Amino acid sequence: MSTIAIIGAGIGGLALAQALAGAHEVVVFEKGRGVGGRMATRYADGFAFDHGAQYFTARDPAFVALLAPMIASGAVAPWSGPIANIADDGTMRLAAPRDVHYVGVRHMNSFAKALAGNVTVRTGVDVAPLPQRRGDGWALSDSDGVALGQFDWVISSTTPHQTMALFGAHGPLDGPLTGASMLPCYALMLGFAKPIVREWVMARLATGPLALVAINSSKPGRDGQAGALVAHSTSDWAAAHLDDDPADNQAALERAVAEAIGVDPATARFRALHRWKSARLAQDQNAAPYIDRARGLAASGDWTTGSRVENVVLSALALAAMIGDDAALG
């Protein structure tokens, strides 16, 4: 049995921890206040917003098998309803989604919490860059110098740039991890006292600063007596306005929501903007997770294949299989 530190409590890190926990002593460190990463939920003023991933699909048998008990327990459920496609000229066409859209219940991070199970997760811990490895393992500390323990393995499930910062000179000098490019996104959250009633649950836009608008409160298990709306910008728009005044960006996206779907953000009881600097992989890849068995370093994530939730989980499961029950170094 090896001691393994996993950095990042997103869906990939938690899937990896769950896969390794039966044979190893695993601790997950997360610098944020909760688990889920981009499958996060924001709670404010009585509203809840899934401001990261809006849904996920399940196509691979391994991922379908992982979901099955969570669907049975009610932690995951399909999100049903038409999708609106809004063309350049503003015309709208309704269509059924090609795949079943799954969401966490009651919130998106409920899926992450269910996946965490009995794994030890320490939130609010910002792990410092790795020191020189000693013969008996990696001595981790947080950014304030507080010791976190000794580990045989350190595995990163965070974004590529965060992984490289963590590994420093110990990590790979080239390859898919170092070459991965991530795209940004802004998430606008609007909370209304009354439900938002439309003939669709999510709209995709062909032009303008918005990529999609989702009626968050239409998802299963949500509060249907209020209206929660989440709008995501396009990556191009986010990149062009990444360093602009957040208030200006929020105002621009609010105007875009009003024009696209006829909802007045000024009537919302809650309004906020969140910036995702690394929302998705710029270009899908076909790469294996990173592993350095001699030094006990590894990493997985969307940089291996793509940013779909299913891709991230499958990357984590592939890395768990590479490490195996016998994680002896060398």
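From a predicted model like this one, the values you see are computed outputs, not experimental measurements.
Remark: N118 CG is loosely packed, at most 12 non-hydrogen atoms of other residues, nucleotides or ligands lying under 6.0 Å away. Around CG of N286, the count of heavy atoms belonging to other residues, nucleotides or ligands within 6.0 Å does not exceed 12. Counting non-hydrogen atoms of other residues, nucleotides and ligands closer than 6.0 Å to CD of Q162 gives a total above 12. Around CG of D174, the count of heavy atoms belonging to other residues, nucleotides or ligands within 6.0 Å does not exceed 12.
In this structure, OG1 on T158 lies 9.5 Å from CD on E30, to the nearest 0.5 angstrom. Expressed to the nearest 0.5 Å, how far CZ of R133 lies from CZ of R295 amounts to 9.5 Å. Note that CG of N311 and CD1 of I11 are 13.0 Å apart. Values are rounded to the nearest 0.5 Å. To the nearest 0.5 Å, atom NE2 of residue H170 and atom CG of residue L130 are 5.5 Å apart. Rounding to the nearest 0.5 Å places CG of N85 at 7.5 Å from CZ of R204. Note that OH of Y290 is 8.0 Å distant from CG of L177, once rounded to the nearest 0.5 Å.
At distances below 3.5 Å, not a single donor-acceptor pair connects side-chain atoms of R280 with backbone N or O atoms of M182. Looking only at distances, a side-chain donor or acceptor of D142 sits under 3.5 Å from a matching main-chain atom of D144. Side-chain N or O atoms of S307 include one that pairs as donor or acceptor with a backbone N or O of L281 at under 3.5 Å. A distance-only check finds no donor-acceptor pair linking the side chain of R255 to the backbone of L253 [under 3.5 Å]. Of the possible donor and acceptor atoms, none in the side chain of T120 sits under 3.5 Å from a partner among the backbone N and O of V27. No donor-acceptor pair closer than 3.5 Å links the side chain of H274 to the backbone N or O of A187. Proximity of a side-chain donor or acceptor of R38 to a complementary backbone N or O of G10 within less than 3.5 Å is not detected. Formation of a donor-acceptor pair under 3.5 Å by the D152 side chain with backbone atoms of G137 is not found in this model.
Smallest separation of non-hydrogen atoms from V105 and G74: CB-O, 3.3 Å. Residues V213 and A231 share a closest heavy-atom pair of CG2-CB, 4.1 Å. Considering all non-hydrogen atoms of both residues, A206 and D88 come closest at CB-OD1, 3.3 Å. Nearest heavy atoms, A226 versus F47: CB-CE2, 3.9 Å. Residues T305 and A287 approach most closely at CG2-O, 4.4 Å, considering heavy atoms. Of all heavy-atom pairs between Q54 and M108, the closest is O-CE, 3.1 Å.
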Please step through side chain to side chain contact (heavy atoms under 4.5 Å, CB included) for the pair F56 and V312, ending with a clear verdict.
CA-CA 11 Å; F56 55 93; V312 174; over 6 Å; no
Between I155 and L20, is the side chain to side chain contact (heavy atoms under 4.5 Å, CB included) condition met? List the steps.
CA-CA 11 Å; I155 304 175; L20 293 172; 4.1 Å; yes
Assess the residue pair I86 and L210 against the criterion (side chain to side chain contact (heavy atoms under 4.5 Å, CB included)); give the C-alpha distance rounded to whole Å, side-chain angles, the decisive distance to 0.1 Å, and a yes or no.
CA-CA 11 Å; I86 302 177; L210 294 177; over 6 Å; no
Could you go through the ring-ring contact (aromatic ring centres under 6.0 Å, His included) check for Y102 and F111 one step at a time?
CA-CA 10 Å; Y102 291 102; F111 175 32; 9.3 Å; no
Using the rule given for salt bridge (charged side-chain N to carboxylate O under 4.0 Å, His left out), can you reason through D50 versus K219, listing the C-alpha separation, both sets of side-chain angles and the distance that settles it, and then say yes or no?
CA-CA 10 Å; D50 301 324; K219 296 176 181 178; 3.1 Å; yes
Does the side chain to side chain contact (heavy atoms under 4.5 Å, CB included) test come out yes or no for D292 and F167, once each step is laid out?
CA-CA 12 Å; D292 181 345; F167 287 174; over 6 Å; no
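Side-chain contact check for T234 and D236: no donor-acceptor pair (N or O, by modelled atom type) lies under 3.5 Å. At a cut-off of 3.5 Å, with distance as the only test, no side-chain donor of T159 or S278 sits close to an acceptor on the other residue. Side-chain contact of W79 with S218: a donor-acceptor pair under 3.5 Å is present, judged by distance alone. When only modelled atom types and interatomic distance are considered, S300 and S157 share no side-chain donor-acceptor pair under 3.5 Å.
Aromatic ring centres of Y186 and H241: separated by at least 6.0 Å. W276 and H232 have their aromatic ring centers separated by at least 6.0 angstrom.
There is no path of hydrophobic side-chain contacts, each under 4.5 Å, that joins V257 to V201. If you chain together hydrophobic residues whose side chains sit under 4.5 Å apart, L205 and M189 never meet in one group. Side-chain heavy atoms closer than 4.5 Å link hydrophobic residues (I, L, V, M, F, W, Y) into clusters, and following such links, even through other members, never connects L212 to I215. Following chains of ILVMFWY side-chain contacts shorter than 4.5 Å, one cannot reach M39 starting from V64, and the two form parts of different hydrophobic clusters.
Residues L229 and I261 form a side-chain contact, since some pair of their non-hydrogen atoms from C-beta on lies under 4.5 Å apart.
Ring geometry, H101 versus Y55: the interplanar angle falls under 30°, so the pair is classed parallel (tilted spans 30 to 60°).
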